[in-house]
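All remarks here apply to the structure that follows.
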Amino acid sequence: SGVARNQRQESTFAPVTLTMAYDPAASTAHWDLATLPREPSNFHAPQLIDTDATVPRLRPLEEDVAQRRPIEEQLFERVDQHAWSVARREQHNFDQLIWDLIYARAVDQDLEKVRVIFQWLCSKDLHHMNFDGVRPGSPEDILLGIRSGQSTYAQVFQTMCQYAGVHCQIITGYAKGADYQPGMRFHDARARHSWNTVLVGGAWRLIDCHWAARKLIGKQCTVDNIRYELDTYYFLPHPAQLIYTHYPRRVSSGIHPAA
């Protein structure tokens, strides 16, 4: 399920930053609804977005990291509160989950969709989540695969983004996890990891829900040493910063912004 970040790998870079401005007042989502409306009886998750056929071939994000304006986390307060509220609820299937997260409040901005999914995935206890009537290969099967190690955070995040109408790709490569030592060489049997790139604001941006959701205390990757603690640095960090810990196996022009 990927390499665990170490407690020594706290965010030592600049605060969480974005290139596009987020104005909560301009949001058209129904954040003020006191309760979430139930999903209609005929609701089904929209058709899976075809990332192979329709993904835009854009240039990677190009900007000077020193010129990025730090984002104020409180701007996402309503978005985050919604994600946390949904995480505390139980959903019987994936359709109900994606309805509650995205469509019940008519979330239509890609940035808001990505933030909601990021916060839900990083705050939900996936090991105690259950669905009814899970079919092999279904979205429910992918989400529950976290418990058995058959799925990764990157696969879950991509699945949820695709059904929310957001272009998302999985990046496979290596990461400097808890057991990394200076001078250590990466190879297939060590330090393998996966993360995502999402299309937001006209550019491909990076995200790592696995490292954002939990960290390892000490060197031994055991249940007792894992701490679930949100680190929003891994929400759309600058490629020039993330490359110090995350290195892709393959750089795809127009897709991977760390090129």
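Between Y153 and I146, the shortest heavy-atom contact is N-CD1, 3.6 Å. Closest approach of H44 and D95 over heavy atoms only: ND1-OD2, 3.3 Å. In this structure, I142 and G137 approach most closely via the heavy-atom pair CD1-O, 4.5 Å. What you find for S151 and D141 is that their closest heavy atoms are OG-O, 4.2 Å. Nearest heavy atom pair, residue A106 against residue H30, reads CB-CE1, 3.9 Å. The two residues A164 and K113 have their closest heavy-atom pair at O-NZ, 2.8 Å.
Residue S27 forms a side chain to side chain donor-acceptor pair (under 3.5 Å) with just one option from R78, E112, R105, and that option is E112.
Under the 4.5 Å side-chain criterion, counting only non-hydrogen atoms from C-beta, F118 is in contact with C209. No side-chain heavy atom of R205 sits under 4.5 Å from any side-chain heavy atom of L199. Residues E140 and N93 are in side-chain contact: their nearest non-hydrogen atoms beyond the backbone lie under 4.5 Å apart.
For the pair N196 (side chain) and A154 (backbone), a donor-acceptor distance under 3.5 Å is present. Here the side chain of T152 pairs a donor or acceptor atom with the backbone of Q155 at under 3.5 angstrom. H82 places a side-chain N or O within donor-acceptor distance of the main-chain N or O of L101, the cut-off being under 3.5 Å. Distance alone, capped at 3.5 Å, places no donor-acceptor pair between the W120 side chain and the L97 backbone.
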Side-chain donor-acceptor distances from residues 85-92 under 3.5 Å, at least two apart:
residue: Q91; atom: NE2; partner: V86; partner atom: O; Å: 3.4
residue: Q91; atom: NE2; partner: D100; partner atom: OD2; Å: 3.2
residue: H92; atom: ND1; partner: D132; partner atom: OD2; Å: 3.4

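In this view, D80 and R115 satisfy the salt bridge (Lys or Arg N to Asp or Glu O under 4.0 Å) rule, not counting sequence neighbours.
Taking the six-membered ring for Trp, Y22 and F76 have ring centres closer than 6.0 Å.
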